Number of protein chains: 2
Amino acid sequence: MTILNNPKEFSETALSILEHAIPLFAEKGYAGVSMREIAQAVGIRAATIYHHFPNKEALHLGAMALAFADKAEGMAQALSEPGTPQDRLRRLIFRFTELMSRDRNFRLLLQRELMDGDEARLKVLAEKVFKDQFNGLAELAASVSPGCDAHLLAISMAGLVLYHLETGPIRKFLPGGRVEHDDPSVIAGHVTTILLHGMGGCAKP
Amino acid sequence: MTILNNPKEFSETALSILEHAIPLFAEKGYAGVSMREIAQAVGIRAATIYHHFPNKEALHLGAMALAFADKAEGMAQALSEPGTPQDRLRRLIFRFTELMSRDRNFRLLLQRELMDGDEARLKVLAEKVFKDQFNGLAELAASVSPGCDAHLLAISMAGLVLYHLETGPIRKFLPGGRVEHDDPSVIAGHVTTILLHGMGGCAKP
DNA sequence: GTCTATAGTCGGATAGAC
DNA sequence: GTCTATCCGACTATAGAC
């Protein structure tokens, strides 16, 4: 099988194994999860997993492929809506924040892959999973800010949203942290303001 | 010992163990590193580690404490310099980017802790390690953008820089990625522009 | 396709010689 | 303070019954 298999090709049991493996790998990382633990979550014995996957590595790869599948749709829709560049940016940031906020497993798996993935896996991830949406993001950035480096802007757009979500668990212990800051629409509003007007965009002097 | 011990209290051997453990925990995570592996890096036997640390958990905690120690100084200096709020912001972002770019182990350990740390550990991390610099960041944000939410701004400032560094390994596979994007001063310049003027700050129509 | 049983390895941790 | 030797449980993976 290729490095990122088509999830449709898995049997029902294999799919169930993958679905139960996803939150475990996301929460505890590859080395932190045992085959027994995954089997217990599914309700089968560890040996049975080896009937559906040749080894732990292949199971992990399959879980990643499934978790990353179909992430394109929600984004593509938000990207294709009409309006001024600024309106499209606002809608995209709100949609992106909502999607990422909802799918914690996806975020954690992505973070872990950025840390642990080797060159080959990152290349596949970039080209098979992220390329199209990243291009959409970059094109939108270019239309809002012609003449700027669209690549850097696209990273900044995604990063602003994702870092607010990444730091969610520790923010309540930092000065000024409030529960409202976990609200996706609050984060999206803040990020949109910074992107369109900079830090001073919300100032009331 | 407390959850974050004073690194000064460790013996020379204990310090050597910690220094060799830091890059291993950073690169492979807690579960991905064995006591034997750490011992081999130090050039001793695994049993010897247990003379200096009661168990793996304590060793990991010690490694974190050492890696996070003295992170305050470079930031405090950059924060205390005079100038207009905009000048101080620019200098701080450049300094912060340079510091974080240099210390990959610190960044990885922080990321892993945000993912894997429980409430108690995150609380200690926030209050013992980050509180002062976060306050400095927030105060600077407030002076640049009075009336805004300083907490959200401080997270955005740190997040913009850190996310560009986090995505370093995958950016070359994404459209528009160039080697210059790994240059800390390029990242710092881009982030500063966005923070001060928004995405349009670099536009040449 | 799922099971039991188990091989073979590696993990954290301890005992006790030096 | 470091070592050798070892315990014992957990790990990945396989063999073979059903």
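Every heavy atom of this structure was used, including side-chain atoms; hydrogens, water molecules and symmetry mates were not. Naming convention: chains lettered A, B, ... in sequence-line order (proteins, then strands); numbering from 1 in each chain. Predicted, not measured: the structure shown is a model, and the values here were computed from it.
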side-chain contact (heavy atoms from CB on, under 4.5 Å), that's the test. Do His181(A) and Ile155(B) meet it? Break it down for me.
CA-CA 11 Å; His181(A) 294 149; Ile155(B) 298 279; over 6 Å; no

What do you reckon, are the aromatic ring centroids of Phe134(B) and His151(B) less than 6.0 Å apart?
yes

Test Leu89(A) against Met199(B) for side-chain contact (heavy atoms from CB on, under 4.5 Å), laying out the working first.
CA-CA 11 Å; Leu89(A) 179 83; Met199(B) 289 172 59; 4.0 Å; yes

NE2 of His52(B) versus P of dA13(C): gap in Å, rounded?
16 Å

Write down the distance between CD1 (Ile17(A)) and P (dG1(C)), rounded to a whole number of angstrom.
11 Å

Quickly work out the Leu59(B) CG to dG11(C) C1' distance and round it to whole Å.
15 Å

Less than 4.0 angstrom from a charged side-chain N to a carboxylate O is my criterion; do Lys123(A) and Glu113(A) meet it?
no

Over how many whole Å does the gap from Phe53(A) atom CZ to dT2(C) atom P extend?
12 Å

Treating primed atoms plus P, OP1 and OP2 as sugar-phosphate and everything else as base, which nucleotides of nucleotides 3-18 of chain D get B, S or - for protein heavy atoms under 4.0 Å?
BB------BBBB----

OP1 or OP2 of dT2(C) sitting under 4.0 Å from any side-chain N/O of His51(A)?
no

If only side-chain N and O atoms of Thr13(B) are considered, is one of them under 4.0 Å from the OP1 or OP2 phosphate oxygen of dT2(D)?
yes

Parallel, tilted or perpendicular: which one describes the rings of His60(A) and Phe25(A), with boundaries at 30° and 60°?
perpendicular

salt_bridge(Glu119(B), Lys172(A)) N-O dist < 4.0 Å
yes

